[in-house]
Amino acid sequence: MYHSWEYCNAIQQTLDDPIRLLLVESGGSVIACTYLERSKEGKTKDLYSPYGFGGFYASGTDVGLERAYESIISFFRRNEVTTLYLMGHPILGNGLSQAVSHRTSFSLDLDLGTDELLAKMRPNYRNEIRRLEEATDHELLFGNESLASSLMDLYYETLDRVGASSSYFFSRETLLELSSRDNCLLIGVSKEDNIMAVLMVLYTPDCAEYFINASDEQGRSYTKLLLWEATKSLIQMKVKTFHLGGGSSEGDHLEAFKRRFGGRKHSIPIWKEVLNQNVYGEICKSFGVAPSDNGYFPAYWKSN
């Protein structure tokens with residue numbers, strides 16, 4: 001999904017810089033990644049994965065992946081790339097040995113079915129979902145055409161309310177294109193004809209992604225219910241896995257929220273590498289930072 005022209009085209013409508021989509025195959029092994037490029041004062045060429053890209057995909061034999069890796073590195077060096085900082089997908093092919101463990105994410109194995117998934121959930125979450133399922137003061141809404149407009153309005157309201165970073169911003173054009181696609185699931189909840197929250201899930205037969213949850217102040221209390229309704233819908237569609245993701249930072253309240261659904265724990269891989277040591281060292285020196293500054297990479301971007 002993340003490595004398709006259609007998805008990249010939708011996300012491109014938010015970004016000023018062009019999205020690059022790279023695919024390398026060798027001996028039945030494959031590495032696919034999407035990335036953006038930025039430059040420190042015009043002196044570097046740094047590749048990175050912004051929010052919403054899902055991460056690189058790497059799958060195959062050790063020998064095949066090593067050859068694919070060498071091809072990518074050779075390509076980047078010919079294009080004078082200074083550093084890479086690319087996140088990987090924690091579920092769908094994270095076999096690149098050069099990647100290191102980054103943050104935690106969680107997924108639900110939809111083959112388990114609703115009864116077992118409920119049993120794995122924290123009791124207070126399970127009880128809250130059951131209470132909301134039995135309540136009659138709200139209505140669940142399904143259907144992308146009717147919910148797309150409400151999603152966009154609530155999404156920008158949510159960004160303002162929580163003071164979200166600009167990296168979490170998607171344009172209306174991006175959201176409209178994503179919501180119009182066949183592999184998008186929108187579920188909303190309303191009370192007294194007022195739509196309070198809308199959940200967006202993107203999916204393929206193998207894996208669904210919890211993409212956006214937008215709500216007003218009152219609608220925040222329905223997030224668990226919407227995620228559970230999405231889970232049930234995905235099971236009916238025979239999707240294999242529902243990736244909930246992780247937090248904004250390791251161990252934060254958002255990560256804890258997703259962990260309590262009782263899913264499988266994953267490590268999000270990160271591929272970070274210096275391809276031009278001379279340029280990297282010179283730029284670090286010019287900004288007065290050590291090449292490895294408390295784990296920040298590339299170190300010279302810390303000064304921003």
Side-chain angles (χ1 to χ4, degrees), residues 1-22 32-39 45-57 85-89 105 141-190 194-204 207-217 219-220 222-223 226-227 230 243-249 254 258 268 301 304:
M1 176 177 62
Y2 293 117
H3 304 105
S4 69
W5 290 114
E6 293 81 6
Y7 181 81
C8 290
N9 183 65
I11 301 299
Q12 185 68 78
Q13 295 182 57
T14 292
L15 304 169
D16 293 326
D17 296 323
I19 298 171
R20 307 297 185 189
L21 175 57
L22 178 64
C33 58
T34 49
Y35 59 87
L36 291 184
E37 178 186 316
R38 61 179 177 172
S39 177
K45 186 182 287 189
D46 300 309
L47 310 185
Y48 69 103
S49 300
Y51 177 74
F53 273 57
F56 65 79
Y57 172 91
Y85 191 86
L86 305 178
M87 294 185 67
H89 196 286
S105 72
L141 305 171
F142 300 82
N144 292 14
E145 289 185 11
S146 61
L147 290 172
S149 178
S150 296
L151 167 71
M152 288 183 278
D153 293 339
L154 289 168
Y155 170 67
Y156 298 116
E157 178 181 335
T158 301
L159 292 182
D160 289 340
R161 185 180 68 245
V162 303
S165 163
S166 59
S167 61
Y168 295 100
F169 173 85
F170 294 110
S171 69
R172 285 184 175 271
E173 291 78 10
T174 290
L175 295 180
L176 185 61
E177 183 162 339
L178 289 176
S179 64
S180 68
R181 296 187 55 78
D182 291 338
N183 66 338
C184 176
L185 173 66
L186 295 185
I187 304 177
V189 61
S190 68
N194 174 48
I195 298 177
M196 302 178 294
V198 180
L199 176 75
M200 174 186 273
V201 174
L202 304 176
Y203 64 91
T204 67
C207 187
E209 301 282 346
Y210 173 19
F211 195 71
I212 287 175
N213 180 61
S215 68
D216 59 20
E217 194 66 47
R220 294 173 63 188
Y222 291 89
T223 302
L226 290 177
L227 277 170
H243 184 218
L244 303 179
S248 299
S249 59
L254 182 57
K258 294 174 180 178
I268 300 173
W301 284 101
N304 272 26

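Every value quoted in this text rests on a predicted model; they were computed, and no experiment measured them.
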Separation between CD of E157 and CD of E217, rounded to the nearest 0.5 Å: 8.5 Å
Distance in Å, L199 CG paired with L185 CG, rounded so as to fall on 0.5 Å steps: 7.0 Å
Close side-chain approach of F211 to F170, heavy-atom, < 4.5 Å: yes
Spacing of CG belonging to N183 relative to OG1 belonging to T204, to within rounding of 0.5 Å: 8.0 Å
Exercise: identify the closest heavy-atom pair between P50 and L36: CG-CD1, 3.6 Å
D17 side chain reached by R38 side chain, heavy atoms, under 4.5 Å: no
Residue pair S150 / I195: nearest heavy atoms and the distance that separates them: OG-CD1, 3.2 Å
Under 3.5 Å donor-acceptor, T34 side chain and H3 backbone: no
Heavy-atom closest contact (M200 atom, L151 atom, distance): CE-CD2, 3.4 Å
S49 (side chain) donor-acceptor with M87 (main chain) under 3.5 angstrom: yes
side-chain contact (heavy atoms from CB on, under 4.5 Å), paired with Y35, selected from L21, L86, I19, D46: L86
Ring pair (Phe, Tyr, Trp, His ring centres under 6.0 Å) between Y51 and Y168, intermediate numbers included: CA-CA 6 Å; Y51 177 74; Y168 295 100; 4.6 Å; yes
Within 6.0 angstrom of R161 CZ, more than 12 heavy atoms from elsewhere: yes
Sub-6.0 Å ring centroid separation between F169 and Y156: yes
Min side-chain heavy-atom separation L178-I212 under 4.5 Å: no
Heavy-atom pair with the smallest gap, counting every atom of D182 and Y203: O-OH, 3.0 Å
Sidechain-backbone polar pair: Y155 side chain, L175 backbone, donor-acceptor under 3.5 Å: no
Inter-residue atom distance S179.OG - M152.CE, 0.5 Å rounding: 6.0 Å
Smallest separation among heavy atoms of S190 and M196, with atom names: C-CE, 4.0 Å
Beyond-backbone contact of D153 with R172, side-chain heavy atoms, under 4.5 angstrom: yes
Check ion pair R20-E37 (N to O, under 4.0 angstrom): no
Audit row: F142, L147, side chain to side chain contact (heavy atoms under 4.5 Å, CB included) steps and yes/no: CA-CA 8 Å; F142 300 82; L147 290 172; 5.8 Å; no
Contact summary for E177 and S180, nearest pair of heavy atoms: O-OG, 2.8 Å
